[in-house]
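Reading through the structure tokens given below for one structure.
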Amino acid sequence: MNSPKQIQKSFGDFISTLRQAVEVLVVPQLPDVKEVYSAELRGQLKPELPEDVALFFYISSDSLVLSVLIAATTQKGNTKSAKDQTTSYGSWVGTTYDVGSITYEVTGHQQVSSPVRWLQDVLAFIKDAQQLAQELIDKVQTFDAYGLEE
């Protein structure tokens, strides 16, 4: 039989995992520009996109977002490389990347989002699970405090 402390720890870990799941859904994990323009991602589209266009999908809260980056060739040394730049939400323009010997600079960024209704349900279910797990931890603590375990 599991001790109350083991049960509390297990459900505490479960709540932590649920918190991480909510964070992944609510706060988009955007790739850097090198990843977006990587040959691995580009090869999945048929026909392939031109070298100066890239697109990617991500989930943000209850929406699926399509983001399109447009780039133009630039001279090497004129701008910082992608590894020297930090990319945050909406700051793609001005970022550079190399494809072979050609350097590109992102000159445009467009995106469109579409609501995915069941993602809102997923967030609600996760929050309900967090609440139920916390209630169970509280009950185990109460039983443990009164010595009511069998």
Side-chain angles (χ1 to χ4, degrees), residues 1-72 79-99 104-150:
M1 177 177 222
N2 289 331
S3 73
K5 298 291 184 215
Q6 291 171 322
I7 293 171
Q8 291 172 25
K9 182 185 179 328
S10 294
F11 275 93
D13 293 345
F14 178 64
I15 290 172
S16 176
T17 301
L18 291 173
R19 241 182 245 122
Q20 291 173 354
V22 168
E23 187 174 318
V24 166
L25 286 174
V26 174
V27 180
Q29 302 294 316
L30 298 177
D32 66 23
V33 74
K34 280 275 212 205
E35 292 173 316
V36 172
Y37 281 94
S38 74
E40 183 178 310
L41 289 176
R42 303 176 70 69
Q44 296 188 12
L45 296 172
K46 300 295 181 210
E48 288 188 24
L49 293 171
E51 293 285 333
D52 60 348
V53 176
L55 59 88
F56 62 100
F57 293 92
Y58 63 93
I59 293 175
S60 179
S61 191
D62 63 347
S63 296
L64 178 64
V65 180
L66 167 63
S67 192
V68 180
L69 302 178
I70 301 162
T79 57
K80 294 180 186 175
S81 68
K83 66 181 176 188
D84 297 331
Q85 301 174 7
T86 57
T87 303
S88 62
Y89 183 73
S91 66
W92 296 95
V93 176
T95 306
T96 61
Y97 64 97
D98 296 326
V99 176
Y104 291 92
E105 179 179 357
V106 177
T107 58
H109 175 219
Q110 298 294 320
Q111 65 184 29
V112 62
S113 64
S114 177
V116 180
R117 296 182 199 275
W118 59 266
L119 282 173
Q120 192 65 9
D121 293 339
V122 168
L123 288 169
F125 292 147
I126 291 173
K127 291 190 185 276
D128 288 346
Q130 285 176 311
Q131 183 178 358
L132 291 171
Q134 185 60 52
E135 289 173 8
L136 182 61
I137 289 173
D138 295 343
K139 288 178 182 174
V140 168
Q141 286 174 336
T142 301
F143 288 139
D144 188 34
Y146 288 107
L148 297 175
E149 65 179 82
E150 294 182 27

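Keep in mind the model is a prediction, meaning the values are calculated, not measured. In this chain, residues are counted from 1 in sequence order.
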- Item | Criterion side chain to side chain contact (heavy atoms under 4.5 Å, CB included) on Thr95 and Leu69, from CA distance to verdict | CA-CA 10 Å; Thr95 306; Leu69 302 178; over 6 Å; no
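- With sequence neighbours excluded, the residues satisfying side-chain contact (heavy atoms from CB on, under 4.5 Å) with Ser16 are Gln20.
- The list of salt bridge (Lys or Arg N to Asp or Glu O under 4.0 Å) pairs with a residue in residues 115-129, not counting sequence neighbours, is empty.
- Phe143 places none of its side-chain heavy atoms less than 4.5 Å from the side chain of Pro4.
- A side-chain donor-acceptor contact under 3.5 Å links Thr107 to the backbone of Ile70.
- Interatomic distance, Gln111 CD to Phe56 CZ, rounded to the nearest 0.5 Å: 7.5 Å.
- The side-chain contact (heavy atoms from CB on, under 4.5 Å) test applied to Ile7 returns Asn2, Phe11, Val140, not counting sequence neighbours.
- For Glu135, the side-chain contact (heavy atoms from CB on, under 4.5 Å) test picks out Gln131, Leu132, with sequence neighbours left out.
- Applying the salt bridge (Lys or Arg N to Asp or Glu O under 4.0 Å) definition to pairs two or more places apart or across chains, those involving residues 3-12 are Lys5-Asp144, Lys9-Asp13.
- Side-chain atoms of Ser3 come within 3.5 Å of backbone atoms of Gln6 as a donor-acceptor pair (strictly under, hydrogens ignored).
- Looking only at side-chain heavy atoms (C-beta outward), Val22 and Arg19 stay at 4.5 Å or farther from each other.
- Annotation for Gly94 and Glu105: closest pair CA-OE2, 3.5 Å, computed over non-hydrogen atoms.
- For the pair Ile137/Ile15, a side-chain contact is recorded, criterion being any heavy-atom separation below 4.5 Å from C-beta on.
- Residues meeting the side-chain hydrogen bond (donor to acceptor under 3.5 Å, both in side chains) test with Gln120, sequence neighbours left out: none.
- Heavy atoms only, all atoms of each residue included: Ser63 and Pro115 are closest at OG-CA, 3.9 Å.
- Side-chain atoms of Leu55 and Leu45, non-hydrogen and from C-beta on, do get closer than 4.5 Å to each other.
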- Query: Can you list the steps and then say if Gln141 with Asp138 is a side chain to side chain contact (heavy atoms under 4.5 Å, CB included)?
  - Reply: CA-CA 5 Å; Gln141 286 174 336; Asp138 295 343; 3.8 Å; yes
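- Side-chain atoms of Leu64 and Leu119, non-hydrogen and from C-beta on, never get closer than 4.5 Å to each other.
- Residues Pro28 and Tyr58 come closest through the heavy atom pair CB-CD1, 3.4 Å.
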